[in-house]
Amino acid sequence: MKALATFLVLLNYFTRCHGWICTTAPEHAAAAQVDAGNGMVVMTDKNSNAFFLSDSSWSKLGSVPLKHVTVGYAGVWGVDLNNNVYKFAAGDFFPTHGLELMQVDAGEGQVVGVTSQNSIHCLKASSASSIEEEGVLNWNTIPGALMYMSCGPLGCWGVNSGQNIFFTKVSPDNCSISGWRQTDGAAVKVEVGTDGRVFVVIQSGHVYERTGISEAVPQGTGWSQITFCVSIKHVTYDLGRLWLLTNTGVILNCI
Ligand SMILES: *[C@@H]1O[C@H](CO)[C@@H](O)[C@H](O)[C@H]1NC(C)=O
């Protein structure tokens, strides 16, 4: 009954106040983070359980407690409370060795991540796809300092501790970059979809999409606000669908 009431309240909210049509994703108490990529949707909850969406419910993903999960062409990756990095293989997450990261993104073949000291690291596609359980991953260091990073087909985006937004192209083959360029605007999170669309969440909980992105202008030209009537904590986008995590822990699926 509570779920139905929540749904009706949200439906009422959302049909009235934005261009995307949103419905609540299958309910899960205390969602902490959500990521969509390569057709999959994964999430963690406040108790560090990881889940994936299948049919109309969240199924447990692996047995390792994780604070952050990501899915993309480079597979499914996660980070635990001690910033140890895990890769999903053969039905569960196994620990990797090499670096401790607070956030990872399984982008375009390569995997990128940032440490708690905000240094930036990249695992080239050939290393990201290998499955040596005991091996030490050979992360490349990328110049710069970021708190959050996400990659798509046209390049990688990041935000730093000053909420500045940056863009660079990154080669999945060898992790070399074209060079960071600061873009206009300020944000706390940035997420790039597998088709290259870029979304940010700003401190007030509003969501913007980057406009004018093309092969010739991969950093885009401006920001366009997407108006939602609730405060958004986290955004992720894949295959035409926007997934939003509200400040109250509800996941919305918008088309
Ligand atoms: C890195 O790979 C790209 C192709 O993805 C290539 O153009 C570039 O020369 C390579 N750079 C280095 C330093 O090997």
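Order of listing sets the numbers, starting from 1, for every ligand and every atom in it.
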Just by modelled atom types, is the Ala32 backbone N or O under 3.5 Å from a matching donor or acceptor in the His234 side chain? no
Minimum heavy-atom separation for Leu154 to Pro218, with atom names?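 Shortest heavy-atom contact: O-CB, 3.7 Å.
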Atom NZ of Lys124: over 12 foreign heavy atoms under 6.0 Å: no
Strictly under 4.0 angstrom, heavy-atom based: which residues surround ligand 1?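 Ser171, Asp173, Asn174, Ser176.
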Would you indicate whether the side-chain heavy atoms of Thr246 and Leu252 approach each other to under 4.5 Å?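 Yes, close enough: below the 4.5 Å cut-off.
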Does Leu244 share a hydrophobic cluster with Met43, counting links as ILVMFWY side-chain heavy atoms below 4.5 Å and allowing steps through other members?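 Different hydrophobic clusters.
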Asp238 and Arg197: salt bridge (Lys or Arg N to Asp or Glu O under 4.0 Å), yes or no, with the steps? CA-CA 9 Å; Asp238 183 43; Arg197 288 174 75 171; over 6 Å; no
